[in-house]
Amino acid sequence: MSVSPSTSGLAYEPQNIEPKWQLLWEKADLFQNTPAQLTATSTQKNTAGRPSQKLFHLFAFAYPSGSGLHVGHVESMTALDILSRFQRMQGKQVYFPVGWDAFGLPAENYAIKTGVPPAKTTHDAIKTFQTQIKRLGISYDWANEIATNHPEYYKWTQWLFLQLYQKGLAYKGVGMVNWCPSCQTVLANEQVVNGQCERCSTDVIQKELNQWYFKITAYQDELISGLETVDWPNATKQQQLNWIGKKAGINIAYQVIDRAGQPLDSGETITCFTTRPDTNFGATFLVLAPEHTFAKKVAAGELAAAGVTSDQAQKVAVYLDSAKKKTELERQQEGRQKSGVFTGAYAINQLNNRKLPVYISDFVLGNFGTGAVVGVPGHDLRDFEFATQFGIEIIRVVKGPDGDISPIIKPNQVQEDAGVMINSEFLDGLEIMAAKAKIMDHFEAKGWGQRVTTYKLRDWLISRQRYWGAPIPIVYDPEGQAHPVKPEHLPWRLPEDVGFKPTGESPLKSSQEFIARTEKLYGKGWRPEFDTMDTFVDSSWYYLRYCDSRNTQEFASSERMSAWLPADLYLIGPEHIVLHLLYSRFFTKFLRDEGYFKFSEPFQKMRHQGMILGPDGKKMSKSKGNVINPDSIIAEFGADTLRVYEMFMGPLEADKPWDTRAVAGVARFLKRWFKAVTQALATAPTANQKITQSQRKLHQTLKKITEDLTNLKFNTAIAALMEFLNVWEAAPKTDPGFTREELSQIIRLLAPLAPFMAEELWSQWLSAADLTPDSQAPFVHQQSWPEFNPDLAQAEQVTIMVQVNGKIRGQFAVATDQITADEVIKTTAQSLPEIQKWLVDMSGATLPIKKIIYVSGRLVSLVV
RNA sequence: GCCGCGGUGGCGGAAUCGGUAGACGCGUAGGUCUCAAAAACCUAUGAGACUCAAAUCUCGUGUGGGUUCGAUUCCCACCCGCGGCACCA
């Protein structure tokens, strides 16, 4: 192909340059369809003839919202694009795919408001995003673009569901679920924020429903241990660990007793989970969650044998009813105020034969541990609060750190984490950790308890009573029995004849076609599952599909997945730490167990980009009017300026406010660079005899940029380029200037960061020498990365600082090759006149030097 | 309350196997060009003291201690901000 050299002269005009190269790159199919070119990494050669190595750079799937590309998208896309271009120039084979997390609520809510089908809204939004991204010069592999709402994609989402179903890892179950009255759908635990719906901030209520779950808990231990093998930010790993919430403790079974203090004939027991069995001599009561089966039995009047009167049973029933009606938010607003009711029943603590009254309170959670706790009010603040409120005895069994052994009457006396046991018979005198081990052994030996590990992680509720998602591929026979949709019926298509008015029921119920289709394929009286899947199901396996996005036989071939995954770099916002990342890891481990590939973690290296804030330092939002639109920045300054500015703002991971004036500073820098190069091209000598300061700076910069880009330190890389330009522009008029070869390096150096301008300068570089573009590699982005010369990258001389008693008092220069002459340098340092005056006392007498420290190439420290 | 991250000029930030604090950019001030303005370019720019000036000195990386010839960097205690979790037994 031919590339026409520019004739536009010296002025930098991004508005002319950028559309031109965008078009030519597109025509040339640059960097397209990479995964098809896999094959053995060691034999593969790129255009420059160097051995190739594969890299998978993953940008977090974007939701195609109607408001278009956000400057935050620009930040992370640009960072990955720079890295991709940089690595390609270094001979790596880089796969940098693009796709859309296209199912989801906003499009459906828009449909409810306007009647416009979500498919249309989504399609239009994607078009807008595509145009904006191409204008930015992001070198995506568009040939492998995917969208989760496409039947060829969600066919495999459904396939994945069925695989899980066949292995018993997708199941339907009844349970208390989070229900958003506004979105009219259930939510996963992960989608409830402060008792409110993550999307619309409506108070979430609890409902008992029969829903579909994925058994993520089957992998809970591996989800913990796998974190040790990946290169992720520590904070992220920590948060995942907290979410999984693994805890070691013991389940203790307390026998329920009758009025005479004898175990019930039914052998009824209440099992409590505790991590602090060491304090069990201080136990004075038991508390059950309202959902506990024993609580229900009491309410139903089934525990008369335990001495529960009908009056007490009645009170319990009332309490259970009121607890059920409370929203998550009401429960939180009560704060530490505790409600509860005595059941009338007692259990026995076999350690000391103490009778423990059994209470019910909603501060005990039904879904953690066993839903029942043993109350030790002296050493647990919640138990203390409950005991004081209900007048229950408090026993001290741990001595305070100050030796306090007085009765516990104030909350600040409640010793929770350290101390020595007292009032605990055979545990007395032991530190709590030792006591814990000893009593657990005791409980197990007696058969009263059993060591257990509990987890906070719950199974993943994936049913959604919404339209715009992948239908759950399940059909029910006339008896209501669930059956998987047959593989030949996939994709199990999302019907189009639905009403969008929220009714509290799944919108798919309104589809005649959906029901007719089910009856036709499966028989009269058969019904489809009307719920769709949580969109996190779609978006938690997309990186697998990327490897083989046009495969019609499989979700992706094993060969391709093994070749490209795990991803070498995943750049994703910190808001996805518990949801998407945990789910993705679960799917990966499951499919590995199914034998599709061998790796266990999908994302080997992950980093989080920070948030770009408005100029006011606050999160951008339409209501605050502080939103920066990338299109308007491109219109004013060009895409290269936008890219370089966003990378220059600060460290990638940090939140940083937008500074409108600083954008102009970056535009100035690019303009100066363009001018410097175009002017130099006109007079460039073919060879340069003398080594100049500018040359040294060039090679130092080449070295620095290579290091910084490798480490994702884009802001300091750009600062180094600016420094280089400052030195270049300040070079003496007598300097011979950079040679053609050096100018080529200077142009290539900028290519990853400012791809359009670099391409323009490259074409000028070629035409200045009457060269025609290489037909195999006509573009600057196909050239090799400039290597630095280590000799030239070294400074000619270094400044040695001289300290006297730790304070800087002078300095001198030394040739770089002389810095190992320790004795000479130490002597020179002492002989400096400005140092001499610090080496004498008030009377002028020379002070003895006690110690001389020389830090090679940096400083001499004199101690007197 | 628990877990994690952070605190450096007027602003964004740079420098942490301990070794010139403030790179680079923004802003500001003065200047060149211009009838004028913008743009562009040049110079200065942490605070303070002293000086005609040059030079020099003192202070300075959230606070208070410590280790060291030397601390933004390491240790201890605390304060503040941000993110996450939260009546999790």
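Just so we're on the same page: letters track the sequence lines, and every chain starts at 1.
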Between [X] and [N], does any side-chain N or O lie under 4.0 Å from OP1 or OP2?
| X | N | value |
| --- | --- | --- |
| Lys713(A) | A15(B) | yes |
| Arg809(A) | C57(B) | yes |
| Arg668(A) | G25(B) | no |
| Asn726(A) | G25(B) | yes |
| Lys807(A) | C59(B) | yes |
| Lys656(A) | G12(B) | no |

Mind calculating the distance between [atom1] ([X]) and [atom2] ([N]) to the nearest angstrom?
| X | N | atom1 | atom2 | value |
| --- | --- | --- | --- | --- |
| Leu381(A) | C87(B) | CG | C1' | 9 Å |
| Ile800(A) | G19(B) | CD1 | C1' | 11 Å |
| Leu582(A) | G84(B) | CG | P | 17 Å |
| Tyr12(A) | A40(B) | OH | P | 15 Å |
| Asn242(A) | C2(B) | CG | C1' | 8 Å |
| Phe648(A) | G25(B) | CZ | C1' | 4 Å |
| Phe669(A) | A23(B) | CZ | P | 17 Å |
| Trp243(A) | G4(B) | CH2 | P | 18 Å |

(message) Using the side-chain heavy atoms of Ala662(A), tell me which of these nucleotides is nearest: C87(B), C26(B), C85(B).
(response) C26(B)
(message) Starting the side chain at C-beta, find the nucleotide from G13(B), A89(B), U56(B) nearest to Lys837(A).
(response) U56(B)
Is [N] paired to anything, Watson-Crick or G-U wobble with both distances less than 3.5 Å, and if yes, which nucleotide?
| N | value |
| --- | --- |
| C2(B) | G84(B) |
| G27(B) | U45(B) |
| A77(B) | U63(B) |
| A71(B) | none |
| A21(B) | none |

When the [atom1] atoms of [M] and [N] are compared, how many Å lie between them, rounded to an integer?
| N | M | atom1 | result |
| --- | --- | --- | --- |
| C41(B) | C24(B) | P | 16 Å |
| A21(B) | A14(B) | C1' | 10 Å |
| G10(B) | U20(B) | P | 23 Å |
| G6(B) | U56(B) | P | 38 Å |

(message) Is the positively charged end of Lys697(A) above the ring of Trp728(A), judged by distance under 6.0 angstrom from the centroid and angle within 45° of the axis?
(response) no
(message) Would you say Arg672(A) and Asn726(A) are linked by a side-chain donor-acceptor pair, where the criterion is simply a distance under 3.5 Å?
(response) yes
(message) Could you tell me if Thr217(A) and Asp459(A) have a donor-acceptor pair between their side chains, going purely by distance under 3.5 Å?
(response) yes
(message) Could you walk me through whether Met757(A) and Trp673(A) satisfy the side chain to side chain contact (heavy atoms under 4.5 Å, CB included) test, starting with their C-alpha distance in whole Å, then the side-chain angles of each, then the deciding distance to 0.1 Å, before giving a yes or no?
(response) CA-CA 10 Å; Met757(A) 187 170 104; Trp673(A) 187 284; 3.4 Å; yes
Under 4.0 angstrom, heavy atoms only, what part of the nucleic acid is [X] near: base, sugar-phosphate, or nothing?
| X | answer |
| --- | --- |
| Pro574(A) | nothing |
| Trp658(A) | nothing |
| Ser861(A) | base |

(request) Would you mind telling me which residue lines up with the more 5' stretch of RNA chain B, Gln239(A) or Gln811(A), judged by nearest nucleotide? (result)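 Taking each residue's closest nucleotide, the earlier one in sequence belongs to Gln811(A).
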(request) Take Phe273(A) and Ala235(A), find for each the nucleotide of RNA chain B with the closest heavy atom, and name the residue whose nucleotide sits nearer the 5' end. (result) Ala235(A)
(request) Starting at CG of Leu288(A), measure out to OG1 of Thr343(A) and round the result to the nearest 0.5 Å. (result) 7.0 Å
(request) Mind listing the closest non-hydrogen atom pair of Asn805(A) and Val863(A) along with its distance? (result) OD1-CA, 3.5 Å
(message) Is G48(B) syn or anti, taking syn as a glycosidic angle within 90° of 0?
(response)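 In terms of base orientation relative to the sugar, G48(B) is anti.
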(message) Please check if the number of heavy atoms outside Lys619(A) that lie under 6.0 Å from its NZ is greater than 12.
(response) no
